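Quantities reported herein were computed from a predicted structural model and do not represent experimental measurements.
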Amino acid sequence: MSRVCRSIAELDSIVTTCRACPRLVAWRELVAREKRAAFRDETYWGRPVPGFGPPDARMLIVGLAPAAHGANRTGRMFTGDRSGTVLYAALHAVGLANQPVARHRDDGLRLLGVRITSPVRCAPPENKPTPAERDRCRHWLDTELELLSPTMRSIVVLGAFGWQALFPALADAGWAVPRPRPKFGHGAHVLLEPASRDRAPLHLHGCYHVSQQNTFTGRLTPAMVEDVLSRAAANAGLPHRP
């Protein structure tokens, strides 16, 4: 379990030291040693990946887990792989990022009112964390939601895995989750009312994951991603380009 974190910066620092899941630790470190040929001269991150974005974000994007040769290599969410190419280009297109590309941690990229995170912080084999690994990692997401709750007004969830993982965390964090739980779908929109007085209503938006499986087949287009991001930004009260 994580210790009490008083800030997003403290959370981001502590999460990188986690070794709670033996299978994930072994895999992320094996990938970092063996590397992909195209990146053989690079030093891989090879650790859990913290969230990325300002500590007072009004909008949160929730993915699945770091990619083995993407965030597990660069140390930043959705950076260095084709999923990130699509996501950051869309964020820039709607005015939520200062540049359309994400290459490495020191490339100058800034998110504007948006933070990106995932339910699982280590790269899993075949991009498939087990339910036990997801549950063991959940306390990081719980802490992040708690720290973001004063400002957060909307969430974009990329894919069904993140959608399913998020609802229990949201319920514990002080929002009323409908029963039965809303189903995931691209374009899905759910307004969660606060279960406690110190929470504001929260807009939850579903978007297909920006994986190559979706973007290469045309199931998900840049325009579709931009549309969801624009609607979530509007619900969060963020300046954006529709």
Side-chain angles (χ1 to χ4, degrees), residues 51-54 56-65 77-78 83 86-87 90-91 94-96 111-120 129 131 134-135 137-211 213-215 219-242:
F52 172 55
D56 58 351
R58 297 184 63 85
M59 177 174 156
L60 183 66
I61 298 175
V62 177
L64 191 164
M77 290 286 177
F78 284 101
S83 295
V86 174
L87 179 60
L91 284 165
V94 300
L96 299 175
L111 298 183
L112 309 176
V114 180
R115 183 171 170 85
I116 301 177
T117 193
S118 64
V120 176
R134 175 201 62 200
D135 295 344
C137 204
R138 194 188 119 184
H139 62 96
W140 300 117
L141 182 60
D142 290 343
T143 301
E144 199 161 16
L145 292 174
E146 178 66 28
L147 292 169
L148 291 172
S149 63
T151 57
M152 185 174 60
R153 298 295 180 267
S154 72
I155 301 179
V156 173
V157 187
L158 303 175
F161 183 94
W163 186 268
Q164 294 166 1
L166 190 59
F167 275 113
L170 288 172
D172 286 350
W175 283 277
V177 174
R179 292 182 179 276
R181 291 178 188 170
K183 293 182 179 180
F184 172 78
H186 183 83
H189 174 226
V190 181
L191 178 61
L192 300 180
E193 296 294 340
S196 57
R197 294 182 180 179
D198 63 342
R199 297 289 184 266
L202 185 64
H203 292 267
L204 193 62
H205 296 264
C207 179
Y208 290 146
H209 196 281
V210 286
S211 64
Q213 181 180 356
N214 289 329
T215 57
R219 187 183 190 217
L220 181 67
T221 65
M224 292 168 66
V225 182
E226 292 167 21
D227 178 61
V228 174
L229 293 176
S230 292
R231 288 188 283 117
N235 285 329
L238 287 172
H240 64 288
R241 293 189 291 267

CD1 on Ile155 to CG on Leu202, rounded to 0.5 Å: 4.5 Å
Is there a side chain to side chain contact (heavy atoms under 4.5 Å, CB included) between Phe167 and Leu204 once you walk through the steps? CA-CA 10 Å; Phe167 275 113; Leu204 193 62; 3.4 Å; yes
Looking only at atom types and distance, does a side-chain atom of Trp175 sit under 3.5 Å from a main-chain N or O of Ala169, one as donor and one as acceptor? no
Within this structure, what is the CG-CG distance for the pair Asp142 and Asp172, rounded to the nearest 0.5 Å? 6.0 Å
When rounded to the nearest 0.5 angstrom, what distance separates OG1 in Thr215 from NE2 in His209? 10.5 Å
Identify the heavy atoms of Ala232 and Val156 that sit nearest to each other, and give their distance. CB-CG2, 3.4 Å
How long is the span from the CD1 atom in Ile61 to the CG atom in Leu111, to the nearest 0.5 Å? 7.0 Å
Indicate the atoms forming the closest heavy-atom contact of Arg134 with Val120, along with that distance. CA-CG2, 3.9 Å
Residue pair Pro54 / Leu148: nearest heavy atoms and the distance that separates them: O-CD2, 4.4 Å
Using modelled atom types and a 3.5 Å cut-off, is there a donor and acceptor pairing between side-chain atoms of Ser83 and backbone atoms of Val210? yes
Do any N or O atoms from the side chain of Arg219 and from the backbone of Asn214 form a donor-acceptor pair under 3.5 angstrom? no
Leu64 versus Pro129, closest heavy-atom pair with distance: CD2-CD, 3.7 Å
Among Leu158, Asn235, Leu229, find the one that has a side-chain contact (heavy atoms from CB on, under 4.5 Å) with His205. Asn235
Non-hydrogen side-chain atoms of Pro119 and Leu166 separated by less than 4.5 Å: no
Show your working on side chain to side chain contact (heavy atoms under 4.5 Å, CB included) between Leu145 and Leu60 and close with a plain yes or no. CA-CA 9 Å; Leu145 292 174; Leu60 183 66; 3.9 Å; yes
Decide yes or no for Leu91 and Leu112: does some side-chain heavy atom of the first lie under 4.5 Å from some side-chain heavy atom of the second? no
Filter on side chain to side chain donor-acceptor pair (under 3.5 Å), then keep only pairs touching residues 147-165, sequence neighbours left out; what's left? Ser149-Arg199
Looking only at heavy atoms, the pair that brings Leu220 and Cys207 closest together is CD1-SG, 4.3 Å
Return a table of donor-acceptor pairs under 3.5 angstrom between the side chains of residues 177-194 and protein atoms on other chains or two or more places apart.
unit_1 : atom_1 : unit_2 : atom_2 : d
His186 : ND1    : Tyr208 : N      : 3.1
His189 : NE2    : His203 : ND1    : 2.9

Heavy-atom nearest pair, Met59 first then Ala236, reads CB-CB, 4.2 Å
